[in-house]
Amino acid sequence: MTGEFSLPTRSPLVGVANRILTGLDACSIMPQVQLDVQELCSVAREQTGLDDFGDPWFLEPLEVLVEALKAEAALNPIGHFAATGQFLKVMRERLWAQQWFKREREILAEPLVPPVIVVGPMRSGTTRLHRLLAADDRFEHLRFFETVCPRRG
């Protein structure tokens, strides 16, 4: 074994979707957002009309992740589209959350109790334990839809 590997063969449907995305980008119908932290920040600001991301601690790890994707992931147009879409979603949510914290300052003064975190290997009952704890009113839990798109209230 030489230590090298090859990418799996992509389905014909992926090839068609890649060509469509490339064509939309070439025609400027749907130009690609570049995998660049500054551009992603700029687009998120433009999309929300907001500009305060709060504490910039996240920028350095985001830069590492973006650079790793560019250098190692061999993203096709669909992968690039999905990655930039996910980054932009998280960044928009951060902008909206920061606005919410500014508007509702009492949220930040609310004490947090230590969390109960459920972890374990697959097929060990963690989902059942999580659901059992979620049924108890003494515990807060996130419902799936809340993790996908938190309320922007």
Side-chain angles (χ1 to χ4, degrees), residues 1 3-18 21 32-153:
M1 180 178 255
E4 293 185 30
F5 67 94
S6 61
L7 294 172
T9 303
R10 295 185 173 121
S11 76
L13 184 58
V14 171
V16 170
N18 282 330
L21 281 174
Q32 287 187 354
V33 175
Q34 296 304 308
L35 275 176
D36 173 80
V37 172
Q38 293 309 313
E39 183 171 349
L40 291 165
C41 287
S42 177
V43 171
R45 286 181 177 115
E46 182 181 312
Q47 290 176 344
T48 61
L50 302 171
D51 64 358
D52 185 5
F53 283 103
D55 187 342
W57 71 267
F58 71 97
L59 291 172
E60 185 177 341
L62 178 61
E63 186 72 45
V64 171
L65 178 58
V66 166
E67 290 306 312
L69 276 177
K70 291 190 314 192
E72 301 168 22
L75 295 176
N76 60 21
I78 291 175
H80 183 275
F81 178 78
T84 56
Q86 286 297 310
F87 284 131
L88 289 170
K89 179 191 181 311
V90 170
M91 295 173 89
R92 287 190 306 264
E93 296 290 345
R94 184 173 177 90
L95 286 164
W96 285 318
Q98 187 63 27
Q99 179 191 37
W100 189 40
F101 291 146
K102 282 182 182 176
R103 193 174 60 224
E104 310 288 338
R105 295 229 177 251
E106 65 275 5
I107 293 170
L108 298 176
E110 192 70 29
L112 295 175
V113 296
V116 174
I117 299 172
V118 177
V119 295
M122 292 177 59
R123 312 302 315 157
S124 66
T126 54
T127 300
R128 286 183 185 244
L129 179 57
H130 180 267
R131 290 178 181 162
L132 178 66
L133 291 170
D136 188 328
D137 289 338
R138 293 175 296 172
F139 296 102
E140 289 289 328
H141 68 286
L142 287 175
R143 293 155 193 88
F144 178 73
F145 71 89
E146 292 171 325
T147 65
V148 173
C149 190
R151 184 176 161 210
R152 291 188 273 271

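Taken to the nearest 0.5 Å, the SG atom of C41 stands 11.5 Å off from the CG atom of D51. For the atom pair CD of E63 and CG of L40, the computed distance is 9.5 Å after rounding to the nearest 0.5 Å. The structure places CD of E46 at 10.0 Å from CD of E39, a figure rounded to the nearest 0.5 Å. Remark: L108 CG to W100 CH2 distance equals 9.5 Å, nearest 0.5 Å. In this structure, CG on L133 lies 12.5 Å from CZ on R131, to the nearest 0.5 angstrom. Taking OG1 of T127 as the start and CG of L132 as the end, the distance is 12.5 Å to the nearest 0.5 Å.
Side-chain atoms of T84 come within 3.5 Å of backbone N or O of H80 as a donor-acceptor pair. Under a 3.5 Å cut-off, the side chain of H130 and the backbone N or O of V119 do not form any donor-acceptor pair. A donor-acceptor pair is defined here as one N or O able to donate and one able to accept, closer than 3.5 Å; such a pair exists between the side chain of T48 and the backbone of A44.
Between V66 and L35, the closest heavy-atom pair is CG1-O, 3.5 Å. Of all heavy-atom pairs spanning F139 and V116, the tightest one is CE2-CG2, 3.5 Å. Closest non-hydrogen pair, R94 versus G54, comes out as NH2-C, 4.2 Å. Heavy atoms only, all atoms of each residue included: I78 and A17 are closest at CD1-CB, 3.2 Å. The two atoms that bring R105 and K102 nearest to each other are CG-O, 3.4 Å, heavy atoms only.
Around CD of Q47, the count of heavy atoms belonging to other residues, nucleotides or ligands within 6.0 Å exceeds 12. Crowding of E60 atom CD: a count of heavy atoms from other residues, nucleotides or ligands under 6.0 Å not exceeding 12.
Contact annotation: the side chain of P12 never approaches that of V16 to less than 4.5 Å [non-hydrogen atoms, C-beta and beyond]. Residues V43 and M91 fail the side-chain proximity criterion, which asks for heavy atoms closer than 4.5 Å.
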Under the side-chain contact (heavy atoms from CB on, under 4.5 Å) criterion, do E110 and I107 qualify, and how do the steps go? CA-CA 5 Å; E110 192 70 29; I107 293 170; 5.7 Å; no
So F87 and L69, side-chain contact (heavy atoms from CB on, under 4.5 Å) or not? Walk me through it. CA-CA 12 Å; F87 284 131; L69 276 177; 3.6 Å; yes
Stepwise side-chain contact (heavy atoms from CB on, under 4.5 Å) check, F81 with V33: CA-CA 8 Å; F81 178 78; V33 175; over 6 Å; no
